[in-house]
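Here's the structure we're looking at; comments come further down.
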There are 2 protein chains.
Amino acid sequence: MVAAGPGCVTDGVHDAEMDVATGLVQLTGLVQGIYTRVSERHDLTPVQARLLCVLLGGPRGMAELARCFGVEKAALTGLMNRAERRGLAQRSSVPGDRRAVQVTLTDAGRQAAIAFHAEVSAELGHLTSQLTPHDRELFRGMTAEIIARCRTSSLSDTC
Amino acid sequence: MVAAGPGCVTDGVHDAEMDVATGLVQLTGLVQGIYTRVSERHDLTPVQARLLCVLLGGPRGMAELARCFGVEKAALTGLMNRAERRGLAQRSSVPGDRRAVQVTLTDAGRQAAIAFHAEVSAELGHLTSQLTPHDRELFRGMTAEIIARCRTSSLSDTC
DNA sequence: TATTGTTATACTCTATAACTATA
DNA sequence: TATAGTTATAGAGTATAACAATA
């Protein structure tokens, strides 16, 4: 049983019979809601926010980003056009390969990315703040375990 | 520590230092990916699949659905137009109120909803199948706890 | 031939604003 | 006036298909 301290079961709303699948769907909705809300607060769409966060890891090619987002190359073109028009990221040419472009953050983009990332991390952290430190670490570990398993069995974003 | 059985730490990829926030984002991506993939398998968009699942709970009004999805009424009109055109759901008039419409599933819609729900539940269940029964129940409980807390502190779908 | 990226087109989903009809 | 729903318009995000340029 989950260290069920007082206050866990909210007034009259006992978490009766919620199976893992339902829990995962609702948790996903919660996380998405937070991600979207923080994005809006920073005047970004969720997809733009995600793009900026990925680019914090360094320059990326268009095809690489498409793979990472799990979308077609053509979708990236539109995404980058909008990001570039808004001054968040930019294309530059790659020395060795005249076909390729390199996508990098502008200063404004980097600033936005850092601010967004900090805020969304903080808000997501709050989500588990009610758990005991012990449960919180348990939860973190199990989440990491689930992800690690699925990373191997294909199909996830690789970025 | 999470009952760290063999095979949890995947070849060379130790889940080093993944914080709760990152874990939640990646888990969300995983769940979304599954939801989307299963939707496609049933020739539905994720939003349509969600609409059908909500309607499994009984007839709903347009405004009610909009509130439940966290979108404007106008968005629901488009959503329902497409769902109706595809024969998944239908509008019918409400006896007591000549402004209102009632949205219900068609037979095809109900069938699709049930099939989708079963499949997505199964796939999401697999996500935690690597955990020990004990850990799995712990995870379920903590997830339910997180959701219950946030249900009270506003901002989530109420449906 | 394979890869990188773009253009053109179409569809879904969403928001905002203005509107009708009913309560 | 408030509520239920629609229409019109605009924009983001995505897919497919066809294309250009380079490797």
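All values below were derived from every heavy atom in this structure, side-chain atoms included, with hydrogens, water molecules and symmetry-related copies excluded.
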Protein-nucleotide distance ([X], atom [atom1]; [N], atom [atom2]), rounded to Å:
X	N	atom1	atom2	value
A:R60	C:dG5	CZ	P	13 Å
B:Y35	C:dC13	OH	P	12 Å
A:L51	D:dT14	CG	C1'	15 Å
B:R50	C:dT14	CZ	C1'	13 Å
A:L76	C:dT6	CG	P	9 Å
A:Q32	C:dC13	CD	P	14 Å
B:L65	C:dC13	CG	P	14 Å
B:F69	C:dC13	CZ	C1'	12 Å

Inter- and intrachain pairs under ring pair (Phe, Tyr, Trp, His ring centres under 6.0 Å), touching residues 88-120 of chain A, at least two apart: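 Checked against ring pair (Phe, Tyr, Trp, His ring centres under 6.0 Å) - neighbours excluded - the pairs reaching residues 88-120 of chain A are A:Y35-A:F116.
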side-chain hydrogen bond (donor to acceptor under 3.5 Å, both in side chains) against B:R110, all qualifying residues, sequence neighbours excluded: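 side-chain hydrogen bond (donor to acceptor under 3.5 Å, both in side chains) check on B:R110 returns nothing, list empty.
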Contacts of A:Q26 that satisfy side-chain hydrogen bond (donor to acceptor under 3.5 Å, both in side chains) - sequence neighbours left out: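 A:Q26 satisfies side-chain hydrogen bond (donor to acceptor under 3.5 Å, both in side chains) with B:R151 once adjacent residues are dropped.
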Nucleic acid contacts - residues 77-93 of chain B versus DNA chain D, non-hydrogen atoms under 4.0 Å: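 Contacts with DNA chain D under 4.0 Å: B:T77, B:R91.
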Ion pair [X]/[Y], N-O distance below 4.0 Å:
X	Y	value
B:E137	B:R140	yes
A:E64	A:K73	no
A:E72	A:R67	no

side-chain contact (heavy atoms from CB on, under 4.5 Å) for B:V54 and B:C68? Distances and angles first, verdict last. CA-CA 9 Å; B:V54 169; B:C68 158; 4.1 Å; yes
How long is the span from the CZ atom in B:R50 to the CG atom in B:L44, to the nearest 0.5 Å?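 The distance works out to 14.5 Å.
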If we count only N and O atoms by modelled type, under 3.5 Å, do the side chains of A:R86 and A:N81 hold a donor and an acceptor together?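 Short answer, no.
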Would you sort out whether B:F139 and A:L138 count as a side-chain contact (heavy atoms from CB on, under 4.5 Å), showing the intermediate values? CA-CA 8 Å; B:F139 184 77; A:L138 265 178; over 6 Å; no
Please check if A:L55 and A:V94 belong to a single hydrophobic cluster, counting links between Ile, Leu, Val, Met, Phe, Trp and Tyr side chain heavy atoms closer than 4.5 Å.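 Hydrophobic grouping puts A:L55 apart from A:V94.
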Expected output is a numbered-order residue list: members of residues 104-117 of chain A with a heavy atom under 4.0 Å from any atom of DNA chain C. What is it?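 Close to the strand, none.
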What string of B, S and - do you get for nucleotides 15-23 of chain C, 5' to 3', if B is base contact, S is sugar-phosphate-only contact and - is no contact with any protein heavy atom under 4.0 Å? SBB---BBS
